[in-house]
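Following: one structure in structure tokens, then a few remarks.
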Amino acid sequence: MQAEYLTIALSKGTLLKPTIKMFNNVKLPAGGLDEDSRSMVFTYDEPRIKYIMCRPTDVPIYVEQGAADLGIVGKDVILEQARDVFEMVDLKYGYCRFVVAVPAALENIGIKELNYKRVATKFPMVAETYFRSQGLQVEVIKLHGNIELAPLMGLADVIVDIVSTGRTLKENNLVELVKIMDSTTRLICNRVSYRTKYEQIQPLIETMQNYTTGGNGDGNKAV
Amino acid sequence: MINRKIPRGLRDLLPAEVAVQRDIEKKAARLFKGYGYEEVITPTFEFLEVVETGAGRNIREELFLFTDREGGILSLRPEMTVAIARLAATHLQDAVFPQRFYYIANVFRHVQPHLAQYREFWQLGIELLGAAGACADAEVISIAVKVLERIGLENFKISLNQIGIFNSLLDESGMSIEQRDLIRSLVENKDLVELARVLDTLAIDDLLKETIAILPILHGGLEVLKRMPYVGKNRNAAEAVGELIKVYDALKVCGVTEHIVVDMGVLRGLDYYTGIVFEGYSPELGYGLLGGGRYDKLLGSFGLPRPATGFALGMDRLAMLLKKPEAGPARYMVGGKDWTQMINKADELRSQGKIVEMDVAGNSREELEEKLHGRENCQLIFVE
């Protein structure tokens, strides 16, 4: 009997290039994978794998519902979506960090002084959880893009956003006040697929672990 | 405005859906009875204190709570095992054990509703009370396998673990309760990345770290049990491993091991499990189908210290996987001009075990033919 297809949901956009590079390294098929192509599904027979092209924010739901067995997506998205999926491998690329940023004029403000302030963000879940863990209550304003604009126009006092180099912040006269956490790309897995397609999935996880740890040693080791 | 909303997460079941559910119930009940299990019914709601005594405090945020007129806090039942433990402690203090019970019940949880997860859902299951040992676990697990087979599922897997392995490893680590809860949820959710990070910050034996880190991905036959380096150093964990092997061997005799997978990542959410735990999955559904295990302390917490084991199966999820049942037996529609003749004809057919509807509106033959148009499997009998 032929094995069933293993379906992997891929994040379109900046993560795609390093993902293809990683696939080449771990000997997964990647020929013809291209987000400019009109196809949204790429099927290979050796090994039997299907890739589906998704918006990054949609990857966790595809995996949670079992429409894809595996997914490749940033930790930032995973945290915000809080979906019920297994997080199996830290693929290390696509680094960014969640930060609290304020207008340069407030550079020296203490975090405790942000109580009851307005926070603009694309990540209400992450923002809410962070401020609550600090014992602070804030008003979270969900925006869909150009978060930096909000404090400039007086819509919010501070922002929570992801940054990689920090250049955008600087250009908009904002400064990083606190780093909430780091984020990198992760391999996520459906709860049931892991068990029902174990023979296909587990070796893949191990190769990816070895790849991210530089190809030496036991990928299962925690230390 | 007419209000015909129903509360979030609830649903109506129409005849075709009820038929599937009743079919599941019938097949399961017949199987359970064949093993000597008898049906019990418990109240739909219980005191919150009872639910929490059994299931622990962590379950509270999933409960539907309300108060009675005396100010007592009541909870719709979130599952059946606690209720049956309470029932046993109430009524069976002097009974001869083991006792075997099964149930078919609706249960209620205030969860985020999604595909295959409703706030009122139907469970059926069995509890084997007052029986310790591998054979008791094997009986319950093999019934779980057989019930899925009997209902017509193929390709499913039962993941098996002994929760004592994990608990003993953590007992020895000297971690705080909070740390243990965190590690437990990371192992259960197979968050390998965060698990590695947290373990890295703990000051515990390296071999122990390595063993805990590998638990979520230990999955396969009995050979995976050899991949836990620290277990040899921990007597309780080694004993738990021994027990798991015994149950596996007993399952071999029952002839069901083709469906069994050893999986060290199965820890079950509920607090009352003490030994063997298991979960059932089908490749066609992204969510678990059944779950169960051994709960040797639960009856004791109600004042009847007895070991016990059992499982519950989610009927709503199972129903999603089943093929539509074949059309039922032929039906008849009796129409006519004379009511007495119609009654006599209908009764005659019913006495032969037929399903007979009557036209109660005095329609003509043509009108009735029109109404039956497109309805499969229904024959018109028009008495003149």
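Throughout, protein chains are lettered first and strands after them, A, B, ... in sequence-line order, and every chain is numbered starting at 1.
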Anything under 30° is parallel, anything over 60° is perpendicular, the rest tilted; go ahead and classify A:Tyr194 against B:His219.
-> perpendicular
Flag the one option from A:Val63, A:Val85, A:Thr196 with the top tally of heavy-atom pairs under 4.5 Å to chain B.
-> A:Thr196
Please determine, among A:Arg195, A:Glu199, A:Gln65, the option with the most heavy-atom pairs under 4.5 Å with chain B.
-> A:Arg195
Salt bridge present between A:Asp69 and A:Lys197 (N-O < 4.0 angstrom) | yes
Interface moiety of B:Tyr287 toward chain A, non-hydrogen atoms closer than 4.5 Å | both
For the pair A:Phe23 and A:Tyr51, name the ring-plane relationship: parallel under 30°, tilted 30 to 60°, perpendicular over 60°.
-> parallel
Quick one: which of B:Lys146, B:Glu149, B:Lys157 gives a side chain to side chain donor-acceptor pair (under 3.5 Å) with B:His259?
-> B:Glu149
Answer key: most heavy-atom pairs under 4.5 Å with chain A among B:Val198, B:Asp263, B:Val261 is B:Asp263
What closest approach, in Å, do B:Gln179 and B:Ser176 show between heavy atoms, and which atom pair accounts for it?
-> OE1-N, 2.9 Å
Between B:Asp191 and chain A, which part of the residue has a heavy atom less than 4.5 Å away: side chain, backbone, both or neither?
-> both
Grab the two heavy atoms, one from B:Leu267 and one from B:Arg184, that are nearest each other, plus how far apart they are.
-> CD1-O, 3.7 Å
Okay, B:Leu186 and chain A: the region with an atom under 4.5 Å from a heavy atom over there is neither
At a heavy-atom separation under 4.5 Å, does A:Asn190 approach chain B through its side chain, its backbone, both, or neither?
-> side chain
Bottom line for A:Glu64: the part with an atom under 4.5 Å from chain B's heavy atoms is both
